[in-house]
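Presented below is the structure to which this report refers.
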Amino acid sequence: MIALQVDRLTKRFGGLAANDGVTFQVGEGEIVGLIGPNGAGKTTLFNCIAGYLHPEQGQIHVFGREVTHRRPDQICKLGVSRTWQLVRIFRRMSVLDNVICGAFNRLNATGAARKLALRLVAFAGLGGKEEVIAGTLTLADKKRLEITRALATLPRVLLLDEAMSGLTPAETGAAVDLVRLVHRDFQREFAGASGPMAICVVEHVMEVVMPLSHRVIVLNYGRLIADGEPEAVSRDEHVINAYLGQKYSARRR
Ligand SMILES: Nc1ncnc2c1ncn2[C@@H]1O[C@H](COP(=O)(O)OP(=O)(O)OP(=O)(O)O)[C@@H](O)[C@H]1O
Ligand SMILES: [Mg+2]
């Protein structure tokens with residue numbers, strides 16, 4: 001089954017088409033990497049899918065239901081959750097309360113939301129930090145917390161926008177492990193569903209995104225220029241010219 005379907009999506013900012021007729025799918029259980037140069041339109045695409053921005057043209061379907069002009073909270077309830085390129089946790093609140101806020105999207109009762117949040121904090125490797133004020137966490141843990149809060153909404157499609165940028169190699173490895181764990185176990189442990197989760201990953205570090213992804217999509221100046229297996233995409237001449245040739249400068253950002 002198709003988890004996420006994006007058809008001919010166009011989003012303009014004045015004269016600039018940040019997304020220009022973008023079409024792709026993410027299958028149930030698939031990890032799809034979304035790559036491309038700075039300003040290519042990756043975050044804009046996530047913002048459109050999550051309902052934070054509305055496109056001028058095109059449609060977005062989540063498990064067959066159209067979500068194109070719905071509000072972010074409605075799209076979240078239909079199973080899409082996301083993290084932000086620059087973390088947007090509630091800094092003055094505890095780790096646990098951040099996750100409880102995510103859980104309130106699904107559960108009204110405080111007790112049930114707290115119970116789910118406690119399980120998720122342990123699952124995501126933040127056990128023991130429940131009462132820590134979120135703003136005092138390391139960047140790696142802030143990003144981990146944002147993923148945990150996103151999971152508390154019980155998504156079926158998770159959008160991760162540079163969840164590993166700015167991390168040390170060891171922290172990056174741990175974050176990759178978390179994404180793999182979420183992909184493999186989250187639905188079974190928390191949603192009573194079998195099978196892995198659909199995850200879309202925006203990332204600039206090719207050594208991370210290529211091995212992690214089943215499929216890779218490349219954006220350049222708002223247009224989709226490649227969609228295929230990581231191995232094939234990394235050999236694609238257009239992709240090398242548009243992006244991969246700059247990968248070392250991208251890594252030095
Ligand atoms: N709210 C906005 N208003 C005006 N222009 C915007 C807005 N958001 C993004 N843009 C522009 O749209 C284009 C795509 O930006 P976007 O942030 O989606 O790129 P990106 O691929 O996520 O880049 P990066 O890798 O640097 O995060 C850029 O030219 C950017 O300046
Ligand atoms: Mg971005």
Side-chain angles (χ1 to χ4, degrees), residues 29-38 42-43 46 81-91 93-99 102 117-152 155 158-190 196-218 230-231 233-234 243-253:
E30 216 179 5
I31 301 180
V32 172
L34 175 57
I35 65 172
N38 297 131
K42 305 177 297 292
T43 296
F46 274 11
S81 196
R82 60 91 60 89
T83 64
W84 299 87
Q85 186 165 347
L86 300 175
V87 282
R88 294 194 185 183
I89 50 173
F90 305 121
R91 288 171 185 276
M93 288 167 54
S94 72
V95 164
L96 186 64
D97 284 346
N98 266 269
V99 183
L118 279 167
R119 281 178 64 211
L120 271 166
V121 165
F123 173 79
L126 287 170
K129 296 180 182 163
E130 290 81 355
E131 300 309 326
V132 174
I133 297 302
T136 68
L137 293 170
T138 62
L139 177 64
D141 275 349
K142 283 178 182 148
K143 290 192 170 232
R144 187 169 288 260
L145 173 57
E146 204 175 40
I147 294 173
T148 314
R149 185 181 60 182
L151 292 174
L158 183 62
L159 310 176
L160 301 178
D161 196 350
E162 302 203 20
M164 291 142 209
S165 72
L167 305 190
T168 66
E171 289 167 344
T172 300
V176 169
D177 289 345
L178 175 62
V179 175
R180 289 193 198 279
L181 176 76
V182 168
H183 175 252
R184 196 188 63 204
D185 291 347
F186 179 77
Q187 297 222 121
R188 185 164 37 80
E189 289 198 20
F190 291 93
M197 188 170 174
I199 305 182
C200 205
V201 184
V202 168
E203 209 56 60
H204 279 286
V205 183
M206 292 306 105
E207 290 79 357
V208 167
V209 75
M210 291 297 188
L212 185 61
S213 305
H214 303 128
R215 197 151 55 77
V216 172
I217 288 167
V218 188
E231 176 65 23
V233 167
S234 62
Y243 180 53
L244 292 183
Q246 320 169 357
K247 79 170 181 175
Y248 293 103
S249 57
R251 254 201 284 168
R252 279 204 299 271
R253 276 196 318 156

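Sequential numbering from 1 along the given sequence is applied to the chain's residues.
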- Query: Which atom names give the shortest non-hydrogen contact between His214 and Pro230, and what distance separates them?
  - Reply: O-CD, 3.3 Å
- Of the non-hydrogen atoms in Val32 and Ser213, which two are nearest, and what is the gap between them? C-OG, 4.1 Å
- Rounded to the nearest 0.5 Å, the CD atom of Glu30 sits from the CD1 atom of Ile199 at a distance of 11.5 Å
- Query: Hey, is the main chain of Gly36 close enough, under 3.5 Å, to the side chain of Lys42 for a donor-acceptor pair?
  - Reply: yes
- With respect to Ile35, which candidate in Val209, Val205, Val202, Val201 satisfies the side-chain contact (heavy atoms from CB on, under 4.5 Å) definition? Val209
- Query: Are Arg180 and Ile31 close enough that some pair of their side-chain heavy atoms sits under 4.5 Å apart?
  - Reply: no
- Using atom types as modelled and distance alone, determine if a side-chain donor or acceptor of Arg119 lies under 3.5 Å from a backbone N or O of Glu189. yes
- Item | Side chains of Phe123 and Thr148 in contact at under 4.5 Å (non-hydrogen atoms) | no
- Pairwise distance CG(Leu145) to CG(Leu137) - rounded to 0.5 angstrom: 6.0 Å
- Query: Taking Arg144 for the side chain and Ala124 for the main chain, is one N or O donor matched with an acceptor at less than 3.5 Å?
  - Reply: yes
- Message: To check you understand the geometry: which heavy-atom pair defines the closest contact between Tyr243 and Glu203, and what is its length?
- Response: OH-O, 4.2 Å
- Say you draw a straight line from CG of Leu159 to CZ of Arg82; how long is it, rounded to the nearest 0.5 Å? 7.0 Å
- In Å and rounded to the nearest 0.5 Å, what is the CD1 to CG distance from Ile147 to Asp141? 11.0 Å
- Does Lys143 come within less than 4.0 Å of Glu146, counting only side-chain N to carboxylate O? no
- Message: Counting only heavy atoms not in Lys142 (residues, nucleotides, ligands), do more than 12 fall under 6.0 Å from its NZ?
- Response: yes
- Item | Closest approach of Ala150 to Ser81 (non-hydrogen atoms, all atoms of both residues) | O-OG, 3.1 Å
- Query: Do Val179 and Met164 pass the side chain to side chain contact (heavy atoms under 4.5 Å, CB included) test, and can you show the C-alpha distance, the side-chain angles, and the key distance before you say yes or no?
  - Reply: CA-CA 10 Å; Val179 175; Met164 291 142 209; 3.7 Å; yes
- Message: Between Leu212 and His183, does the side chain to side chain contact (heavy atoms under 4.5 Å, CB included) criterion hold? Intermediate values first, please.
- Response: CA-CA 11 Å; Leu212 185 61; His183 175 252; over 6 Å; no
- Apply the test side chain to side chain contact (heavy atoms under 4.5 Å, CB included) to residues Phe90 and Arg149: give CA-CA distance (whole Å), side-chain angles for both, the deciding distance (0.1 Å), then the verdict. CA-CA 10 Å; Phe90 305 121; Arg149 185 181 60 182; 3.3 Å; yes
- Message: Let me confirm one number: the CG-CG distance from Leu160 to Leu34, rounded to the nearest 0.5 Å.
- Response: 11.5 Å
- Hey, is Arg188 close enough to Asp185 for a salt bridge, meaning N to O under 4.0 Å? yes
- Search all heavy atoms of Met206 against all heavy atoms of Pro211 and return the closest pair with its distance. O-CD, 3.7 Å
- Item | Where Met210 and Ser234 come nearest, the two heavy atoms and their spacing | CE-CB, 3.9 Å
- Message: So, taking the atom named CG in Leu158 and the one named OG1 in Thr83, what distance separates them when rounded to the nearest 0.5 Å?
- Response: 7.0 Å
- Is there a side-chain contact between Leu120 and Phe186 (heavy atoms, below 4.5 Å)? yes
- Message: For Glu130 and Val95: C-alpha separation, side-chain torsions, deciding distance, then whether side chain to side chain contact (heavy atoms under 4.5 Å, CB included) applies.
- Response: CA-CA 5 Å; Glu130 290 81 355; Val95 164; 5.5 Å; no
